[in-house]
Protein chains: 2
Amino acid sequence: MVDKLISHINGICLLNGEEIEIVKELVREKDVPRKHFVHRAGEIAQYSAFILEGCLRSYTIDQNGFEHILQFAPENWWISDMYSFVKQTPSELNIDALLDSKVLILSRDCQLRIFDRIPKLERYFRVLTENALASSNHRTLDYLSLPAKVRYQKFCDLYPTLINTLPQKQIASYIGITPEFLSKLRGERS
Amino acid sequence: MVDKLISHINGICLLNGEEIEIVKELVREKDVPRKHFVHRAGEIAQYSAFILEGCLRSYTIDQNGFEHILQFAPENWWISDMYSFVKQTPSELNIDALLDSKVLILSRDCQLRIFDRIPKLERYFRVLTENALASSNHRTLDYLSLPAKVRYQKFCDLYPTLINTLPQKQIASYIGITPEFLSKLRGERS
DNA sequence: CTTATTTCTTAACCTATATTAAGAAATCGA
DNA sequence: TCGATTTCTTAATATAGGTTAAGAAATAAG
């Protein structure tokens, strides 16, 4: 199963046999059944997870008890609380599985050590992080400039897979509206 | 003036004399008077800019002609259209100076070549990008979960310098409200 | 210093989205 | 398979924040 990660890395920078072995040693496979957590708010994020199967999400719970989804992570995505993972401070995010899932976990320690042994992996994570930042910027601009309906349409275009596998209320939470309002938007003609 | 960049890099990973020389060669100093552009929507982002003095911003203009600010970049920050810079596709952002400014510019070409010659700089940019992503995530969650007034208060706490140097309308644009509404919030007691 | 331009404030009115509630549909768990 | 739980829909009502407009204050430019 680790092969899935290896091919993902190879899509960005080619690893030789020795390097592949090192990666295999540092990463640990883990089953995450639906609704189980990989990380809870209040803890320091020790791990970043690469999704082999299924789908996880990260989210906060606000003062009124409402969930707000920061990220969905389907197959071949990484998920973590970047802030807590990088700064090693207590996190405000929860990360759990929306579907029965299988992931690889990598600790921050291992990641930093791996960067010294295999500089190519520093490149791999630099590229991933650049892409994530570019997407995040796009999302920010969408909030600033587009009404909910258009944000929903863009979500459908961007993540067609998720539309069919996730409950609507999760999508509403991601695009920043209530499930009731999303239902209304979907009911509208045109 | 390049020394300012060198000390910023040294805050993350120490460069030796030779490496410092390489950086000095690859970067170009540029004056950017207030209201002048370093980048315009529609073009491919060739450069990333490090601010030596002053303050720049990146923003889109929506269909109705309203500006929405993605980022402020005061001294010691980098600014670019990450998406266009990384993917080398036409950009939707403008970048201009809010105050008379002085910057260093680095082309994407140079940056990629520099990564091969000085892997430490790949680390430098990885760390910067991780931090930027963590902040961007925070901002996203703030939009999802907090009312405008609280977002404004957090902005004041986070960027006290900008509060005093920038017109309020720019700040309103950054936190995602109209200048009129910000004015109203500021007028409220408590 | 004086005028022109930009920014800020206030207020009346408007709209996108939230809230509450309740029943219907779908999915889950035993 | 069947009851329990979760999700979805609809509709009435409420509100945060937007729009428009016009004058005041501040800042820039000549």
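The analysis underlying the following values was restricted to heavy atoms, covering all of them including side chains, and did not include hydrogens, waters or symmetry mates. Proteins get letters first, then strands, A, B, ... in listed order; numbering begins at 1 in each.
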query = In whole angstrom, what separates A:Tyr143's OH from C:dT17's P?
reply = 12 Å
For atom CG of A:Leu98 and atom C1' of C:dT27, their distance in whole Å = 15 Å
ask   = Is the side chain of B:Asn64 donor-acceptor paired with the backbone N or O of B:Phe66 at a distance under 3.5 Å, no angle test?
value = no
inquiry  = In whole Å, I'd like the distance from the CD atom of B:Glu188 to the C1' atom of C:dT10.
reply    = 13 Å
query = Centroid-to-centroid, A:Phe72 to A:Trp77, below 6.0 Å?
reply = no
query = Do any N or O atoms from the side chain of B:Ser101 and from the backbone of B:Cys55 form a donor-acceptor pair under 3.5 angstrom?
reply = yes
Positions of residues 52-62 of chain B (non-hydrogen atom under 4.0 Å from DNA chain D), listed by number = none
inquiry  = Can you list everything that forms a salt bridge (charged side-chain N to carboxylate O under 4.0 Å, His left out) with A:Lys30? Sequence neighbours excluded, please.
reply    = none
key: B:Lys4 and B:Glu75 ion-paired at < 4.0 Å   = yes
query = Within this structure, what is the CD-to-C1' distance between A:Glu67 and D:dT7, rounded to whole angstrom?
reply = 13 Å
query = Taking atom P of C:dT7 as reference, at what distance in whole Å does atom CG of B:Leu166 sit?
reply = 11 Å
Whether B:Ser183 side chain and B:Pro179 backbone form a donor-acceptor pair below 3.5 Å = no
Beyond-backbone contact of B:Phe50 with B:His8, side-chain heavy atoms, under 4.5 angstrom = yes
query = Which of parallel (below 30°), tilted (30 to 60°) and perpendicular (above 60°) describes A:His138 and B:Tyr83?
reply = parallel
request  = Spell out protein contact along nucleotides 15-30 of chain D as letters: B when the base is contacted, S when just the sugar-phosphate is, - when no protein heavy atom is under 4.0 Å; keep the 5' to 3' order.
outcome  = --BSBBB------S--
request  = Write down the distance between CD (A:Gln168) and P (C:dT27), rounded to a whole number of angstrom.
outcome  = 11 Å
